[in-house]
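Working notes, structure below.
Throughout, a chain's letter reflects where its sequence line sits, starting with A, and its residues are numbered from 1.
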Protein chains: 2
Amino acid sequence: MVTMREVAERANVSIATVSFVINGTKRVAPQTRARIEAAIEELDYRRNVVARALASSRTRILALLHPDLEIRPNATVIQFVMSAAHGARERGYDLVLWPVNDDEQMSHLLAGGLVDGALLMEVQIRDSRVDRLIASRVPFALIGRTEDDDLPFVDIDFTATIDEAVGHLRSYGHQHIALVTQRTKAAPENEPGRIMRAESAYLHAMAALGRPPVVVTVEGTSAGGREAARTLHERFPGTTAVILLNEGASAGLVKGTRELGLTVPGDLSVISASTTRELGEMIEPSLTVMAAPAPELGRLAADALIDQLEGVQDAPPHILIPCTLVPGESVGSPRLPDETAKRATRNADGR
Amino acid sequence: MVTMREVAERANVSIATVSFVINGTKRVAPQTRARIEAAIEELDYRRNVVARALASSRTRILALLHPDLEIRPNATVIQFVMSAAHGARERGYDLVLWPVNDDEQMSHLLAGGLVDGALLMEVQIRDSRVDRLIASRVPFALIGRTEDDDLPFVDIDFTATIDEAVGHLRSYGHQHIALVTQRTKAAPENEPGRIMRAESAYLHAMAALGRPPVVVTVEGTSAGGREAARTLHERFPGTTAVILLNEGASAGLVKGTRELGLTVPGDLSVISASTTRELGEMIEPSLTVMAAPAPELGRLAADALIDQLEGVQDAPPHILIPCTLVPGESVGSPRLPDETAKRATRNADGR
DNA sequence: CTGAAAGCGCTTACAG
DNA sequence: CTGAAAGCGCTTACAG
C-alpha cells in the first residue's frame, strides 16, 4: 500500500504539503503542487480513509438505521434506501445499512465513533430510538416524524396526500369512502406516525363531507387485503370507494373484492396511497396509486443530514412532500342507488 | 468521549492490559480484569472503532457492491441485501451499501482501505468489476458466477430450478413450454449469468423432451410481460405453458394473456422462477412461483466472505441453492387438442 | 509557501 | 501476568 510518506519522498516535500494538495486545505506553489500531483499519479496513491478519519475525527460514514426489513421488504422502502445511498455518495459520504431492532444495540453502535451521522427510518409517534440518538450526540435526520415536530425530518405529506385522494374520489361522485390502514404489533403510541397522520387527515375530510368515517385495519399482506374486502362488504356495504394506506394489502383487497363477486371499479373504487407506480401496474385492473416521493425524500434526507454535519444550515430542516396521483383503472363512478338495486335483483334471479 | 487511557487510569493498569481484556487477546489476572471491567462499566466506555481499525489494519466493514438499483428495485434483491447485512452484523461486521456503476469509481473506493472485503451482486458472465476486485487485492465473494467457476461464489442453482419447473409442468401434461427471459442493455457476453444458465438448462430440458425450444426476451416491466404474451400468442400459438425468468414481467404476462381473451391456467400455465412468494400472492390468479433462496444466500455470502477474511476456510466456497416450488393457481392441465379446436369454433361463432 | 512535530485512540510485538 | 513503547497513516495548529 502506497502511503503519503512515499509520495512526499518522491516529490521532495513533507507529508504536510502532500496533505494540503490532496485536501485543498492550503495554498501550495504551482510547481510544488505539480510535483506532488505527478508523484501521486506515478505511485497510484489513494489516501487511507481510516487514517484520515482518525486524524480528523470525521469518518464520512452515515448510518441508515431501520427496523428489521428482512421479512417484508416493500418497494417504497427500498427506493428510499437506494436514493439516500446515492445522495450520500455524491457528497462524498458512504451509507451503512444498520438493521437494528433494540435500542441497546443501537447505542453501542453509535458510541463506537464509526458514523458521523444517522438517518432513522420508520419513525414512531413516540420513539425511544430518537431519545437514544439525542443522548448519543450523533447528528441525525428522521424519515418521518415523532410528536415533536422540531427535530430535523423529511416526510411524506400525508395530509395533502389523503386530501387529494379524497378529492379525486369525490370528483367521481363518491361519498362513502373508507380508509384501510396497516396493523402493526406496536402499542398505539408507538405506531408509525404515518398511520396516525393519514387517519386524522381522513377523519377531517369525512367530517367536511358530512359522512361517517370507516377505518379498517389489517395486516400488510395479501391475506390482510382479503380480510379488508370481506369486512367492508359485510359490515359497511354502503362503501363505494377505498383509500389504502397499506401497500402490502393492496393486491389482496382487489382480489378479495372480486372473489366476493364484485368488480373494481364497478362496485368499489380503489386508490392505494404511498406506494409505487410499479405496484399499480402489476395489479388487474391497474390500480390508481398515489406514488410516494421515496426517491426524492431519500436524497433530501441525506442532504439534510450532511448540511447539518457541514454546518451549512440554519434551522433544522422540515421537509414535507405529498404523493403524486397516478391514475389507473381502479377508480370510476359509483353505481347509482337504483342501478345497484337492479343489479341485486339480477343476482337474486340466479344470473 | 471516554478513551482507553481513562479506563486504564481508573483501573490502575496500562492501556495494553485494558486492550487485552476488551479483546480477550491475552490472559489477565482475575482481579485485574475485574477492576478493568468495573472501570469500563462506570465510565460507560466504548472502544473507538476507527482507532482500532487503523491500529489493527482491519475495519470490519464489508462493502456490498451493486449496480444502480434506484430505478427498478426488485423484491428478491432487497431480501438478499437485508439478509447479508444481518449475517454480517451477527459476526461483528457492518455492511456498507455501495451503489457503483463504473469500474473506475469502484477501484477508488476499494483502494481507500475502508473495507475489509466485498460482496458483488448482479455478476455477469464476463465482468470487468471482478477483474478490478482481483487487482485491488480486496477479498471478495460473488453473488452469481462469471465464466470462471473457481472464484468464491454463492448462487441460485438455475439448472436444478429450471429442471424442477419443467418437471412440474410435464407432470400436468405440458409439452409446449416456452421460456421468457429478461432483456438487459448489456452486450450478450456481459449479461447476468443467470440468464445464460437458465436458458441453457431450458434448452437441455426441451431437447430431452424432443420439443423445439421457444425463448422470448422482454424487458423486466409490466409492458414487457404484455409484449411476451402477444409474441407467444402470435408467433408460437401452440405454447401451453411458460416459465418466466423475469420477475418484473410476471404480472404483465398474466394481464396480457387475459387481455388476449385467454385464461390462466386454462389456455396458458405460468411459473415465475426466481422470485418471491409475495409476488405470487399479489397476482390473480395466484402465481405458481419458484421462490428464490435470497435470504439464505445473503447470509451464506456474508459468511463465505467473513470465513475468508478470518482464514476459517480451506477452498473457495462454491454454494448453489435451487429455488423452491410454491404452487399457486396458475398451473393446470393443457387443453386437449380437440378441446382447443371446439373452443376456437365457439369463438368463431361469435360467442 | 513549506516543514517539523504532536496527536487522533487504539493494537501488538517485545521485555520483564 | 503486566507494562513501556512503537506504530497504524493521516491532519493540523504552530513556526518560520
Map A/Q31 and A/I15 onto DNA chain C by nearest heavy atom, then report which one ends up closer to the 5' terminus.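 Its nearest nucleotide being more 5', the pick is A/Q31.
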
Is a salt bridge present between B/E122 and B/R194, judged by a nitrogen-to-oxygen distance below 4.0 Å?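 Between B/R194 and B/E122 there is a salt bridge, with a charged N closer than 4.0 Å to a carboxylate O.
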
Under-4.0 Å salt bridge between B/D307 and B/R91: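 A salt bridge links B/D307 with B/R91.
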
Does CZ in A/R33 sit with more than 12 non-hydrogen atoms of other residues, nucleotides or ligands closer than 6.0 Å?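 Enclosed.
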
Does A/R5 CZ have over 12 foreign heavy atoms under 6.0 Å away?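 Count not over threshold, so no.
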
With a 4.0 Å cutoff (strictly under), does any side-chain N or O of [X] reach OP1 or OP2 of [N]?
{"X": "B/Y45", "N": "C/dG9", "result": "no"}
{"X": "B/S14", "N": "D/dG3", "result": "yes"}
{"X": "B/T17", "N": "D/dG3", "result": "yes"}
{"X": "A/R47", "N": "D/dT11", "result": "yes"}
{"X": "A/N23", "N": "D/dT11", "result": "yes"}

Measure from the side-chain heavy atoms of [X] and tell me the nearest of [options].
{"X": "A/T32", "options": "C/dC1, D/dT2, C/dC10", "answer": "C/dC1"}
{"X": "A/R52", "options": "D/dG3, C/dT11, D/dC10", "answer": "D/dC10"}
{"X": "A/A29", "options": "C/dT2, D/dG3, D/dG9", "answer": "C/dT2"}
{"X": "A/V28", "options": "C/dA13, C/dT2, D/dG9", "answer": "C/dT2"}
{"X": "B/L54", "options": "C/dT12, C/dC10, D/dC8", "answer": "D/dC8"}

Do B/R47 and B/N23 touch side chain to side chain, with heavy atoms closer than 4.5 Å?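 Result yes, sub-4.5 Å side-chain heavy-atom pair found.
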
Could you tell me if the side chain of B/R89 sits less than 4.5 Å from the side chain of B/D94, heavy atoms only?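 A side-chain contact under 4.5 Å exists here.
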
Quick check on DNA chain D: between B/K26 and A/V18, whose nearest nucleotide comes earlier from the 5' end?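 Its nearest nucleotide lies further toward 5', so the answer is B/K26.
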
Touch check for B/S57, heavy atoms < 4.0 angstrom, all strands: base, sugar-phosphate only, or nothing?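 It contacts nothing in the nucleic acid.
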
With heavy atoms under 4.0 Å as the rule, sort A/V13 into base, sugar-phosphate or nothing.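 Counting heavy atoms under 4.0 Å across all strands, the contact made by A/V13 is with sugar-phosphate only.
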
Rounding to an integer number of Å, can you tell me how far [X] [atom1] sits from [N] [atom2]?
{"X": "A/L114", "N": "C/dG9", "atom1": "CG", "atom2": "P", "answer": "15 Å"}
{"X": "A/I22", "N": "C/dT2", "atom1": "CD1", "atom2": "P", "answer": "15 Å"}
{"X": "B/F20", "N": "D/dT2", "atom1": "CZ", "atom2": "P", "answer": "10 Å"}
{"X": "B/R58", "N": "C/dG9", "atom1": "CZ", "atom2": "C1'", "answer": "18 Å"}
{"X": "A/M1", "N": "D/dC8", "atom1": "CE", "atom2": "C1'", "answer": "10 Å"}
{"X": "B/R5", "N": "C/dC8", "atom1": "CZ", "atom2": "P", "answer": "9 Å"}
{"X": "B/I40", "N": "C/dC10", "atom1": "CD1", "atom2": "P", "answer": "11 Å"}
{"X": "A/R33", "N": "C/dT2", "atom1": "CZ", "atom2": "C1'", "answer": "14 Å"}

Could you tell me the Watson-Crick or G-U partner of C/dA13, where both distances fall under 3.5 Å? Say none if there is no partner.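 By the stated definition (distances under 3.5 Å), nothing pairs with C/dA13.
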
Tell me which nucleotide, if any, is Watson-Crick or G-U wobble paired with C/dA4 when both distances must be under 3.5 Å.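 WC or wobble partner does not exist here.
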
